[in-house]
> 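One structure, as structure tokens, below. Some questions next.
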Amino acid sequence: MYRGASIRVKDRSEKTDPIQIKSGVKQGDPISPTLFNMCLENVIRKHLSESSGQHCLSSNIKLLAFAVDMAILAGSKEQLQRELDAMDEDCTPLNLIFKPAKCASLVIEFGKIRPHAELKLKGQPIRNLSENDSYNPKNHITIFFKNFPTIP
């Protein structure tokens, strides 16, 4: 659909030579969000059918997604790592590339934030949030892990 697409950068007096667009979707193109959603839809559906999620407020929540932001919930750090690896494996062939530097994890175990969880993406550590951290998830993927004790 974008074969041969290019852009030119313009300042006050001149334009650059054309720059070929070889991957991704053009910013500002009305069809870009639709193309992005079409690619991500199958990945999300697969994740929802295969992941275990986390029981929260009488529901089992596996994934929260809005635009390009996602939150993955799992019952253990190990399960979260497996689900993160699987989602990355499904996204990479579609050229939906997760960037570890733009991701963060918030690990809560038995009601306490654990800032030293060692989650990785593409073999690189993901930033761990602590109680006093703030995080702006705009255009990023945020990963959550929760493990609540079972109340008899």
Side-chain angles (χ1 to χ4, degrees), residues 1-5 7 19-152:
M1 186 172 285
Y2 284 147
R3 188 170 296 147
I7 62 167
I19 302 166
Q20 295 297 312
I21 299 174
K22 297 182 179 180
S23 68
V25 292
K26 292 192 283 187
Q27 296 295 312
D29 189 324
I31 196 148
S32 294
T34 302
L35 293 174
F36 179 80
N37 287 338
M38 288 172 55
C39 289
L40 200 54
E41 179 75 19
N42 287 333
V43 173
I44 290 174
R45 286 184 186 273
K46 182 178 179 191
H47 180 82
L48 291 173
S49 70
E50 296 177 356
S51 67
S52 58
Q54 173 62 41
H55 187 74
C56 183
L57 301 174
S58 72
S59 295
N60 190 42
I61 301 173
K62 300 175 180 184
L63 174 75
L64 303 172
F66 179 76
V68 297
D69 300 325
M70 286 193 294
I72 301 169
L73 285 78
S76 71
K77 185 179 78 165
E78 295 76 21
Q79 181 64 30
L80 176 60
Q81 186 64 64
R82 286 190 296 273
E83 291 179 14
L84 182 58
D85 292 341
M87 185 167 279
D88 182 48
E89 187 176 308
D90 292 339
C91 285
T92 299
L94 300 171
N95 208 22
L96 298 171
I97 308 300
F98 297 153
K99 297 179 180 177
K102 292 186 174 184
C103 297
S105 65
L106 176 63
V107 176
I108 303 171
E109 291 181 299
F110 303 105
K112 297 201 183 282
I113 294 175
R114 304 288 185 218
H116 301 294
E118 296 180 9
L119 294 167
K120 293 185 177 186
L121 184 59
K122 299 186 181 302
Q124 297 178 27
I126 297 172
R127 177 180 165 210
N128 296 302
L129 300 175
S130 64
E131 284 187 48
N132 298 321
D133 283 340
S134 62
Y135 182 68
N136 180 358
K138 185 176 180 188
N139 297 326
H140 298 57
I141 296 169
T142 307
I143 298 121
F144 294 90
F145 156 75
K146 293 185 180 187
N147 187 0
F148 296 109
T150 303
I151 300 173

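What you are looking at is a predicted structure, and each value in this text was computed from that prediction instead of being measured. No hydrogens, no waters, no symmetry mates; every other heavy atom, side chains included, goes into these values.
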> Measuring from M87:CE to E50:CD, what's the distance to the nearest 0.5 Å?
10.0 Å
> About how many Å separate CG of L84 and SG of C103, when rounded to the nearest 0.5 Å?
7.5 Å
> Quick check: does any side chain N or O of E83 sit under 3.5 Å from a backbone N or O of S52, one acting as donor and the other as acceptor?
yes
> Could you pull out the closest heavy-atom pair between P100 and P125, with the gap in Å?
CB-O, 4.3 Å
> Give me the atom names and distance for the closest heavy-atom approach of L94 to C39.
CD1-O, 3.5 Å
> Heavy atoms only: give me the nearest G53-N60 pair and the separation to one decimal.
C-OD1, 3.7 Å
> Drop me the distance from L80's CG to I126's CD1, to the nearest 0.5 angstrom.
7.5 Å
> Where is the tightest heavy-atom contact between D90 and V43, given as atom of each residue plus distance?
O-CG2, 4.0 Å
> So how far is it from K122 NZ to E89 CD, rounded to the nearest 0.5 Å?
10.0 Å
> Check the pair L73, L63 against side chain to side chain contact (heavy atoms under 4.5 Å, CB included), reporting the backbone distance first and the verdict last.
CA-CA 6 Å; L73 285 78; L63 174 75; over 6 Å; no
> Between CG of L121 and CZ of R127, what distance do you get to the nearest 0.5 Å?
15.0 Å
> Any chance you could measure Q79, atom CD, to S51, atom OG, to the nearest 0.5 Å?
7.5 Å
